[in-house]
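Worksheet for the structure shown next.
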Amino acid sequence: MDKARALVLEKPRTLSLRTYELPEIHDDDALLRIEACGLCGTDHEQYTGAIPSGFEFVPGHESVGILEEIGPNAAKNWGVGQGDRVAVEVFQSCHQCPNCTSGNYRQCSSHGIGDMYGFIPVSKEPSLWGGYASHQYLSPDSIVHKVPDGLDPVVATLFNPLGAGIRWGSTIPQVAPGEIVVILGPGIRGICAVVAAKLAGASFIAITGKGPRDKSRLDTASRFGADLAIDIDEIDPDKALTSACGTLADVVVNVTAKAPSAIGQAIKLVRPGGRIVMAGTSGSPETPGLWPDLIVYKEITIFGALGVDSVSYRKALEILADQSFPFQELDRKTAQLESAGNLILEMAGETGSTPPIHGVLLP
Ligand SMILES: [Zn+2]
Ligand SMILES: [Zn+2]
């Protein structure tokens with residue numbers, strides 16, 4: 001194959017399949033043959049234009065594939081070689097600016113949030129900057145992780161949500177053994193946060209969802225270790241929690257999307273002196289049900305969390321490979337490039353059918 005096939009998001013809700021020349025690889029960069037690309041809420045927001053771009057780009061930021069070609073310096077710097085299966089981080093790092101050298105490379109001054117894989121214009125050469133394609137170009141500033149032998153590439157795409165679950169559900173709030181943790185939101189990130197809290201030794205984990213649409217997701221969360229599943233349409237989460245374990249939460253992790261009332265709920269759910277991680281975005285300046293004085297009276301610590309770091313990604317790949325949680329059996333739907341749009345809409349609940357928990361493109 002001497003050409004790459006890629007889906008370009010030309011404008012909201014318009015993906016078109018194009019072919020591109022395969023880029024020439026030099027000493028510091030590489031070419032990935034994509035096997036699988038995971039989909040998440042961001043994909044839907046890009047697709048609909050809720051995250052506006054104003055330019056054409058190849059989406060896809062949860063790529064797993066085989067290094068078809070890699071320059072000698074890149075191989076040395078990244079610790080991988082031609083033919084290796086790798087997972088690609090969404091952020092790039094210059095390894096030189098103060099943010100990168102201090103480990104906060106998500107805010108890299110030469111890349112950062114405006115230069116993430118799956119969100120770079122096709123007008124920038126060589127255009128192949130996303131996972132909705134047969135091939136992805138890996139710049140010299142890429143961060144890749146070798147996928148453990150024997151791990152299915154489709155399951156391996158969970159490196160991204162599970163990495164997030166680990167960072168948000170365990171590392172940032174520093175969950176200690178014996179603590180009570182509540183996760184708000186039963187999507188794939190919520191389920192992954194349950195796994196992270198479990199592995200950190202939490203003694204009781206509750207998870208919230210809303211209405212019939214979340215029923216099967218809450219059931220899945222229970223299979224992954226949640227002790228209590230709460231439908232917030234049926235009962236106030238703080239009442240459900242205190243009646244189940246007699247006390248409020250040490251840690252609340254909010255991974256809901258478009259749920260402006262989640263912050264108010266989190267503040268009600270957490271005990272005095274407790275910690276809250278805000279990782280989901282509500283997409284709204286409104287905060288119904290929020291009583292800010294409670295932050296003062298309870299002396300609550302609130303962390304904002306954006307993205308994942310390399311340590312969490314590597315841990316995620318290890319957990320996926322050791323198969324101690326049933327990630328293989330997740331309710332999952334895959335699609336070829338040609339039907340990417342349908343799968344994105346289905347995952348967002350726009351097609352009327354029950355959305356799968358995990359969606360994956362197979363280019
Ligand atoms: Zn994503
Ligand atoms: Zn940097």
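Reckoned from all heavy atoms, side chains included, excluding hydrogens, waters and symmetry mates. Counting convention: from 1, in listed order, for ligands and their atoms alike.
Under the 4.5 Å side-chain heavy-atom criterion for Ile, Leu, Val, Met, Phe, Trp and Tyr, I180 and V270 are members of the same hydrophobic cluster.
By the side-chain hydrogen bond (donor to acceptor under 3.5 Å, both in side chains) test, R33 pairs with E68, sequence neighbours left out.
When each of R332, H358, E62, E35 is paired with T157, the side chain to side chain donor-acceptor pair (under 3.5 Å) condition holds for H358 and for no other.
In this structure, F303 and M278 have side chains that are not in contact, with every pair of non-hydrogen atoms separated by 4.5 Å or more.
Around the Zn ion (ligand 2), the two atoms SG of C100 and SG of C97 are separated by an angle of 100°, to 10 degrees.
Using modelled atom types and a 3.5 Å distance limit, the side chains of S282 and S284 yield no donor-acceptor pair. If you check the side chains of H44 and E350, you find a donor sitting under 3.5 Å from an acceptor.
Not a single N, O or S atom of H95, from either the backbone or the side chain, sits less than 2.8 Å from the Zn ion (ligand 2). Residue C108 counts as close to the Zn ion (ligand 2), with an N, O or S atom under 2.8 Å.
Around the Zn ion (ligand 1), protein N, O or S atoms at less than 2.8 Å number 3.
Annotation: Y117 is not in aromatic contact with F91 [ring centroid separation under 6.0 Å not met].
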